[in-house]
Amino acid sequence: MEIAKTYDSAKAEQTWYQYWLEKKFFKSTPDHRTPYTIVIPPPNVTGVLHMGHMLNNTIQDVLIRRARMLGFNACWVPGTDHASIATEAKVVALLKEQGIKKSDLSREDFLKHAWDWKEKYGGIILEQLKKLGASCDWDRTRFTMDEDMSESVIDVFIDLYNKGQIYRGVRMVNWDPQGLTAVSDEEVIYKEAQSKLVYVKYQIEGSSDYITVATTRPETIMGDTAVCVNPTDERYAHLRGKNAIVPIVNRVVPIIFDEYVDKEFGTGTLKVTPAHDINDFNLGQKHQLPSIDVLTQDGKISEAAGAYIGMDRFACRKQIIKDLEEQSIVTKIEDIKNKVGYSERTNAVIEPRLSMQWFLKMDTISKPALDNVLNGEIKLIPEKFVNTYKHWMENVHDWCISRQLWWGQRIPAWYDSQGNTVVAKTKEEAEEKLRIKNPNLKIDDIKQDDDVLDTWFSSWLWPITVFDPQVIKNGKDKANTDLNYYYPTNDLVTAPEILFFWVARMAIAGYEWLAEKPFTNVYLTGIVRDKLGRKMSKSLGNSPDPLDLIEKYGADGVRVGMLLCSPAGNDLMFDESYCEQGRNFANKVWNAFRLIKGFEIANTEQPESSKAAIQWFNNRLSEQLGIINDHYSKYRMSDALMTTYKLVWDDFCAWYLEAIKPEFIDGKALPIDHTTYSATIHYLEDLLKLMHPWMPFITEEIWHLIKERDEKDCVIISEWPQSLSHLNEPLLKEFEVAKELVTMVRNVRAQKQLSPKEKLDVIEKSESSKSHFDNTIIKLANLSSYSYTKEKVENAFSFQINTTEFYIPLSMNLNKEDEINRLTKELEYNKGFLKSVQTKLSNEKFVANAKPEVIAIERKKESDALSKIKTLEEQLSVLN
RNA sequence: GGGAGAUUAGCUCAGCUGGUUCAGAGCACCUGCCUUACAAGCAGGGGGUCACAGGUUCGAACCCUGUAUCUCCCA
């Protein structure tokens with residue numbers, strides 16, 4: 001069979017993904033094996049594959065593929081998240097393009113449009129995941145708004161409400177005036193901004209005196225209901241019991257005293273606007289101040305303000321400063337830096353706003369989720385995130401779970417016209433409950449809450465309901481087979497950004513409803529940045545399209561490139577050159593295979609050099625496999641990959657294949673013997689297995705090109721190689737010396753400008769004769785002979801490896817001066833080294849305190865150095 | 001403002017319990033090679049005051065204190 005000169009990644013990707021699907025290799029059903037489970041962090045239905053997904057899902061695929069090969073029943077559950085705000089915004093925008101306003105549609109009609117959108121575009125990202133090779137059990141694909149998934153969200157709400165964990169109340173929320181919804185604390189991004197601190201004089205009632213307040217938000221002046229100073233601030237002590245007059249609206253408000261006020265900031269005087277600032281709200285509660293809401297929900301000045309009605313909040317800020325200046329009551333405008341909150345979804349400036357929302361109490365419910373991370377039952381990788389997690393969980397706030405949107409699970413709360421509220425799954429049930437409170441209830445008076453639940457309030461159930469959506473309703477005693485088998489899942493791979501949004505809340509849900517953790521290990525990836533360290537984002541345009549990368553470098557190349565630069569939990573500075581490295585590696589593997597495949601096999605005797613190389617590689621592979629497994633067990637993904645990379649490239653290609661490669665005689669390659677060939681194929685197969693999780697496509701392709709195989713004989717379901725029970729360490733060390741020797745000979749050739757074709761002799765000064773690798777060395781270094789002597793050899797190039805001396809007789813004359821220089825340099829280095837060792841050994845405290853092993857090592861260093869020095873001196877004396 | 005982490009070669013990072021000739025890897029770079037698997041390659045090579053200043057110790061990249069810079073989280 002003719003093997004193509006270059007590897008065609010596109011073809012292999014197409015062929016093998018299809019084949020794996022057909023043979024149902026990704027499919028998992030409960031059986032006698034131990035399960036290994038991952039649930040995908042469901043990407044937004046609105047999402048398209050970006051580099052973050054690429055990283056995240058490649059890691060999951062590596063883990064799941066290796067688990068499959070280790071004999072676990074591997075199950076990777078895929079799916080998408082309905083993403084209330086993002087999706088609703090998308091649909092609203094699309095309708096707008098068609099000239100339809102959301103406000104003109106009924107809830108039902110709008111949802112119809114939203115579902116249409118979801119059906120049409122919602123699966124794109126999952127299709128893209130297939131391109132990178134994701135081996136998900138696609139039959140298990142879930143959506144957070146699937147009917148049964150949604151039902152469980154409602155059940156959970158009702159359950160928590162009945163447990164008294166959910167309440168409704170007026171609170172200061174983070175209002176997104178563009179999305180027209182409240183968002184949770186976690187969805188607010190604080191950014192530093194240049195703001196103006198405006199100093200405004202408020203007249204003291206019944207006096208010509210003024211008090212000056214400093215504010216960054218003059219547009220809320222109309223909502224002021226007090227002026228506050230610190231009680232210890234002597235500057236204002238005389239104002240106790242006085243009132244101030246709010247400009248513009250001429251409202252008389254009390255001057256109150258509270259230690260909250262920072263004497264140093266501004267003038268030490270605070271205008272209190274309880275409706276528009278969380279701290280002012282708290283002050284207002286404490287001092288029983290009224291709240292005046294001067295903003296509308298879309299961020300305009302409201303009727304209640306009494307001035308500037310209908311003006312946009314930012315326009316009003318400018319205008320009001322101008323007007324106050326005209327009244328000559330602005331004493332100063334200062335440029336300051338402060339933090340301004342922006343909506344994660346719409347990027348609008350968040351407006352703290354009082355509104356009626358639903359909340360989940362977090363204090364007691366979050367306890368087990370904290371304890372079980374602290375006691376190691378759930379592991380965060382890397383560990384440093386435990387601190388962050390702990391800090392958040394210990395200071396957790398009640399969770400605002402209502403959103404003023406339509407796309408999502410509608411809150412199962414029902415109201416009558418009398419102000420009664422009940423929580424019930426259906427209107428019928430609600431009617432029953434309401435009728436108890438209100439016997440005159442009319443059916444038409446029953447109204448369901450208009451709001452939906454926060455998306456995270458549905459995705460926190462993900463690891464549970466993807467397996468058994470009924471378990472909330474039925475109780476964990478009646479959990480189905482899937483849940484009993486797959487839960488708790490093994491590993492969760494996600495971004496640290498959603499540690500609180502999602503990870504913490506899944507842990508809470510797991511303990512709340514199943515009394516068990518949802519996952520054992522949480523692997524937190526870094527953020528993909530460009531090489532300037534900027535986060536990759538659409539708006540910056542600094543993110544390559546992963547699908548373009550796949551086309552350019554092959555899926556395997558991109559996967560390798562991605563993971564080469566991804567230390568756990570640290571951000572990765574991505575650069576396309578990593579993908580290039582990945583592609584080059586694939587090319588190397590392809591060519592190694594081409595070489596092997598091109599061998600002509602014959603019934604010839606196995607050369608000693610091959611026999612020794614096989615023995616060595618057998619041990620080497622086993623040794624490195626141990627290291628690779630260890631890296632995996634510690635989730636050091638890039639280390640596991642790099643160890644595999646070097647095992648293949650350096651050990652297998654550069655040393656092993658060179659050692660067993662048949663020689664050319666008269667321009668014709670000799671055949672290879674059967675024993676060596678089959679060992680080589682065996683090693684290649686083992687290496688393909690080790691590479692498979694990283695490079696699924698090329699490994700499967702080569703696996704099948706090696707020979708005709710049964711339809712289910714695929715590397716994807718092959719068995720992960722086993723380590724030897726006993727490693728031959730001395731043999732491994734001996735080969736390291738052999739490598740050094742070969743390198744030395746190559747160096748001599750380069751230095752003396754000898755052709756690689758010219759054969760040389762190497763003589764080892766040694767008591768014994770013959771070692772394992774003599775013939776291998778002869779071959780690799782292109783020697784005519786490798787011999788032993790007990791005597792010094794004169795007029796030869798000489799060098800030492802460890803304490804052994806070697807000679808290479810050369811036909812040409814050695815340049816004496818060069819040799820003397822070289823040897824003198826080495827001598828000096830060794831003398832210096834000896835001195836440092838001897839200083840250490842003559843230090844009584846060292847000898848008294850250091851461990852015996854350490855002292856023994858130092859003694860060995862001393863004697864080795866002495867022997868080296870002796871040899872070098874002898875060599876030099878000969879030259880002189 | 002409070003907390004966490006980081007700083008090692010040009011870049012990205014390892015360095016696990018303080019002790020092997022310990023200062024490493026990959027990439028990049030330089031030199032020489034189109035040697036019949038591979039120039040997406042082969043063979044060689046240079047490159048670091050381990051952020052800075054102290055301290056502990058027989059011994060510090062590693063432990064402690066302080067300083068600087070950066071990143072993240074929370075308010």
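Here is how names work: the chains are called A, B, and so on, in the same order as the sequence lines, proteins then strands, and each is numbered from 1.
In this structure, the OH atom of A:Tyr635 is 22 Å from the P atom of B:C13, given to the nearest Å. Rounded to an integer number of Å, the gap from CG of A:Asn843 to C1' of B:C58 is 4 Å. Here the P atom of nucleotide B:U36 and the CD atom of A:Glu658 are 12 Å apart, to the nearest Å. Atom-to-atom, CG of A:Asn747 to P of B:C33 comes out at 17 Å; the value is rounded to the nearest Å.
Using Watson-Crick or G-U wobble geometry with both donor-acceptor distances under 3.5 Å, B:U71 finds its partner in B:A4. Base-pair partner of B:A23: not found among the strands shown (Watson-Crick or G-U wobble, both distances under 3.5 Å). Across all strands shown, B:G47 forms no Watson-Crick or G-U wobble pair with both key distances under 3.5 Å. Across all strands shown, B:U17 forms no Watson-Crick or G-U wobble pair with both distances under 3.5 Å.
Partner of A:Thr58 under the side chain to side chain contact (heavy atoms under 4.5 Å, CB included) criterion, chosen from A:Leu563, A:Val560, A:Thr525: A:Leu563.
Nucleic acid contact for A:Ala592: base, since at least one base atom lies under 4.0 Å from a heavy atom of the residue.
Of the side-chain N and O atoms in A:Tyr645, one or more sit less than 4.0 angstrom from OP1 or OP2 of B:C27. The side chain of A:Thr743 places an N or O atom within less than 4.0 Å of a non-bridging phosphate oxygen (OP1 or OP2) of B:G44. Taking only side-chain nitrogens and oxygens, A:His631 never comes nearer than 4.0 Å to OP1 or OP2 of B:C16. Note on A:Trp649: a side-chain N or O is less than 4.0 Å away from OP1 or OP2 of B:C42. Checking the phosphate oxygens (OP1, OP2) of B:A40, no side-chain nitrogen or oxygen of A:Arg583 falls inside 4.0 Å. For B:G41, one of the phosphate oxygens OP1 or OP2 lies less than 4.0 angstrom from a side-chain nitrogen or oxygen of A:Asn584.
Closest to the A:Lys588 side chain, of the nucleotides B:C42, B:G26, B:C73, is B:C42. The side chain of A:Arg529 lies closest to B:C72, out of B:G26, B:U12, B:C72. Checking B:G19, B:C74, B:A40 against every side-chain atom of A:Phe846, the shortest atom distance belongs to B:G19. Among the nucleotides B:A37, B:U20, B:G5, the one closest to any side-chain atom of A:Lys661 is B:A37.
Heavy atoms from other residues, nucleotides or ligands lying under 6.0 Å from CD of A:Glu844 number 12 at most.
Looking at heavy atoms from C-beta onward, A:Ile596 lies in side-chain contact with A:Leu657 at the 4.5 angstrom threshold.
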